[in-house]
S.K.: 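First the structure, then my questions, so here it is.
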Amino acid sequence: MSTLPPAEELADGLGLRLRIGGAVPLDALTLALDDLCRRADARDRQTVAVLMLGDGTSGGPWPGDVGVQDVSRWERAVRRLERLAAVTVAVASGTCGGPSLDPLLTADYRMATPDLRLVLPVNDGHFWPGMAVHRLVRHTGLAHARRLVLWGHDVTAPRALEYGLIDETVPDTGEAVRTATVWLGRASAAEVAVRRALLLEAASTLHEDALGTHLAACARELRRLRPAPDEPALPRPDALPEAAPPAPPGSSAASARTDAAGGAADADRPGSTGS
């Protein structure tokens, strides 16, 4: 059985990186995602989970010769990734087939190289009816999702940017990943989980049903801002690990520099924005 190499540690120690490429069976993909999530949850420090998608990913039939139980295990693994406490970053490049769409849509921040060609999962003219359809509607809106699901177009980098499938295009994925891990790794895992949950629920929850959850999140933020005298302050999600913060993704800051120890440094956003 073909397998994926396990997630590797990033050089700066800020996270884990999993490469998804080639014709890998669904069960191997599921095991790799589960292992990434398990290792990210087990880390005792702020973590960024980086998903490198494409550059050889097959555009063949998806999900292949599998049963519905295999599909169910895959969907559970993707959902676990979507709810991971760690910040997730997806970097898509070259040809990305069916295995790339689900992880891409779960990521907190999504980048792509200008040569991206996202081959959507269509078999014999039928779009694969997995949870990617659900996520496409939530992330891109019904109009864009309708064009993709009903007519099955491949997606180039400019169209992916237009539809909101990616946040920006980057010419240098290595530098973009380094900058993103420094910037996004500042956020508290608990705060990321709360913010992501509020965003995911907003598209399908009535105001009255969502109010309690949002008030609870507001109460937590108020405790962080003004802790009671007898309780410690909650960590600030925007607290910087060093004196000079890197520029956020999407800003127009100066170019990157590295400190004397070779650690995190001031940087431009994770690459230059494409059109």
Side-chain angles (χ1 to χ4, degrees), residues 4-21 29-55 57 74-93 96 99-113 116 118 130-132 134-136 138-140 160 164-170 173-174 176-203 237 246 248-250 264 269-271:
L4 277 180
E8 55 190 352
E9 290 275 349
L10 293 174
D12 53 16
L14 290 177
L16 299 165
R17 176 172 53 207
L18 177 65
R19 300 180 185 274
I20 297 178
L29 290 167
T30 302
L31 290 174
L33 279 190
D34 274 331
D35 180 66
L36 172 67
C37 294
R38 178 188 59 77
R39 290 174 58 188
D41 284 336
R43 289 165 66 95
D44 57 1
R45 57 188 182 278
Q46 297 297 102
T47 298
V48 177
V50 179
L51 301 159
M52 305 297 294
L53 309 173
D55 261 348
T57 298
W74 165 254
E75 294 291 4
R76 288 198 299 271
V78 174
R79 181 60 169 167
R80 182 179 181 184
L81 177 68
E82 189 172 38
R83 305 174 78 174
L84 197 64
V87 176
T88 53
V89 177
V91 184
S93 59
C96 295
S100 299
L101 184 58
D102 286 310
L104 178 68
L105 293 177
T106 66
D108 296 313
Y109 200 78
R110 309 165 199 161
M111 297 177 284
T113 53
L116 172 69
L118 187 58
M131 288 299 291
H134 181 78
R135 292 187 178 94
L136 280 171
R138 298 183 77 173
H139 293 321
T140 72
L165 295 176
I166 60 174
D167 294 299
E168 64 174 327
T169 56
V170 293
T173 59
V177 168
R178 190 198 70 82
T179 304
T181 54
V182 171
W183 171 255
L184 299 173
R186 306 178 323 147
S188 158
E191 293 298 328
V192 168
V194 169
R195 296 174 196 172
R196 187 193 296 123
L198 294 176
L199 288 168
L200 291 174
E201 292 173 2
R269 55 182 178 168

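Since this is a predicted model, take the numbers as computed values, not measurements. Along the sequence shown, residues are numbered consecutively beginning with 1.
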S.K.: Taking all non-hydrogen atoms of both residues into account, name the closest pair between Asp41 and Ala85 and its distance.
M.R.: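 Distance-wise, the nearest heavy atoms are OD1-N, 4.5 Å.
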
S.K.: Check each of Leu36, Val91, Leu104, Val89 against Leu51 using the side-chain contact (heavy atoms from CB on, under 4.5 Å) test, and report the only one that passes.
M.R.: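 When side-chain contact (heavy atoms from CB on, under 4.5 Å) is applied between Leu51 and each of Leu36, Val91, Leu104, Val89, only Leu36 qualifies.
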
S.K.: For Glu75, which residues count as a salt bridge (charged side-chain N to carboxylate O under 4.0 Å, His left out) partner, sequence neighbours excluded?
M.R.: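 For Glu75 there are no salt bridge (charged side-chain N to carboxylate O under 4.0 Å, His left out) partners, ignoring immediate neighbours.
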
S.K.: Using the side-chain contact (heavy atoms from CB on, under 4.5 Å) criterion, which residues pair with Arg17? Sequence neighbours excluded.
M.R.: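 Listed in chain order: Glu8, Leu10, Arg19, Val50, Met52.
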
S.K.: Would you say Thr169's side chain and Ala112's backbone share a donor-acceptor pair under 3.5 angstrom?
M.R.: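 Here the side-chain-to-backbone pair does not exist.
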
S.K.: Please report the shortest heavy-atom distance between Arg39 and Pro6, naming the atom on each side.
M.R.: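 The answer is NH1-CB, 4.1 Å.
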
S.K.: I need the Leu81 CG to Thr106 OG1 distance, nearest 0.5 Å.
M.R.: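 Here the rounded value is 4.0 Å.
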
S.K.: What pairs with Arg79 under salt bridge (charged side-chain N to carboxylate O under 4.0 Å, His left out), at least two apart in sequence or on another chain?
M.R.: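 Arg79: salt bridge (charged side-chain N to carboxylate O under 4.0 Å, His left out) contacts with Glu82.
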
S.K.: For Leu16 and Glu9, run side-chain contact (heavy atoms from CB on, under 4.5 Å): C-alpha distance rounded to whole Å, both residues' side-chain angles, the deciding distance at 0.1 Å, then the answer.
M.R.: CA-CA 5 Å; Leu16 299 165; Glu9 290 275 349; 3.7 Å; yes

S.K.: Can you list everything that forms a salt bridge (charged side-chain N to carboxylate O under 4.0 Å, His left out) with Arg76? Sequence neighbours excluded, please.
M.R.: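 Arg76 satisfies salt bridge (charged side-chain N to carboxylate O under 4.0 Å, His left out) with no residue once adjacent residues are dropped.
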
S.K.: Using modelled atom types and a 3.5 Å cut-off, is there a donor and acceptor pairing between side-chain atoms of Asp167 and backbone atoms of Met111?
M.R.: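 Side chain of Asp167 to backbone of Met111: no pair is present.
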
S.K.: Could you work out, with side-chain hydrogen bond (donor to acceptor under 3.5 Å, both in side chains) as the rule, every residue matching Asp35, not counting sequence neighbours?
M.R.: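 Scan of Asp35 (side-chain hydrogen bond (donor to acceptor under 3.5 Å, both in side chains), adjacent residues dropped) gives Arg38.
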
S.K.: Please name the pair of heavy atoms, one in Trp74 and one in Asp102, separated by the smallest distance, quoted to 0.1 Å.
M.R.: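 The pair with the smallest heavy-atom distance is NE1-OD2, 3.1 Å.
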
S.K.: Got Tyr109 and Val87 here, is their nearest side-chain heavy-atom distance under 4.5 Å?
M.R.: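 No, too far: nothing below the 4.5 Å cut-off.
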
S.K.: List the residues meeting side-chain hydrogen bond (donor to acceptor under 3.5 Å, both in side chains) with Thr173, not counting sequence neighbours, and say none if there are none.
M.R.: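 For Thr173 there are no side-chain hydrogen bond (donor to acceptor under 3.5 Å, both in side chains) partners, ignoring immediate neighbours.
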
S.K.: Do you know which two heavy atoms are closest between Leu53 and Cys96, and how far apart they sit?
M.R.: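 The answer is O-SG, 3.6 Å.
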
S.K.: Let me confirm one number: the CG-CZ distance from Asp34 to Arg80, rounded to the nearest 0.5 Å.
M.R.: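 One finds 5.5 Å between CG of Asp34 and CZ of Arg80.
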
S.K.: Can you name the side-chain contact (heavy atoms from CB on, under 4.5 Å) partners of Ala32, sequence neighbours left out?
M.R.: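 Leu4, Leu18.
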
S.K.: Which atom pair, heavy atoms only, marks the closest approach of Leu118 to Leu165?
M.R.: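 Taking every non-hydrogen atom into account, CD2-CD1, 4.3 Å.
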
S.K.: Looking at Ala107 and Thr88, what are the two nearest heavy atoms and their distance?
M.R.: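 For Ala107 and Thr88, the tightest heavy-atom pair comes out as CA-OG1, 3.3 Å.
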
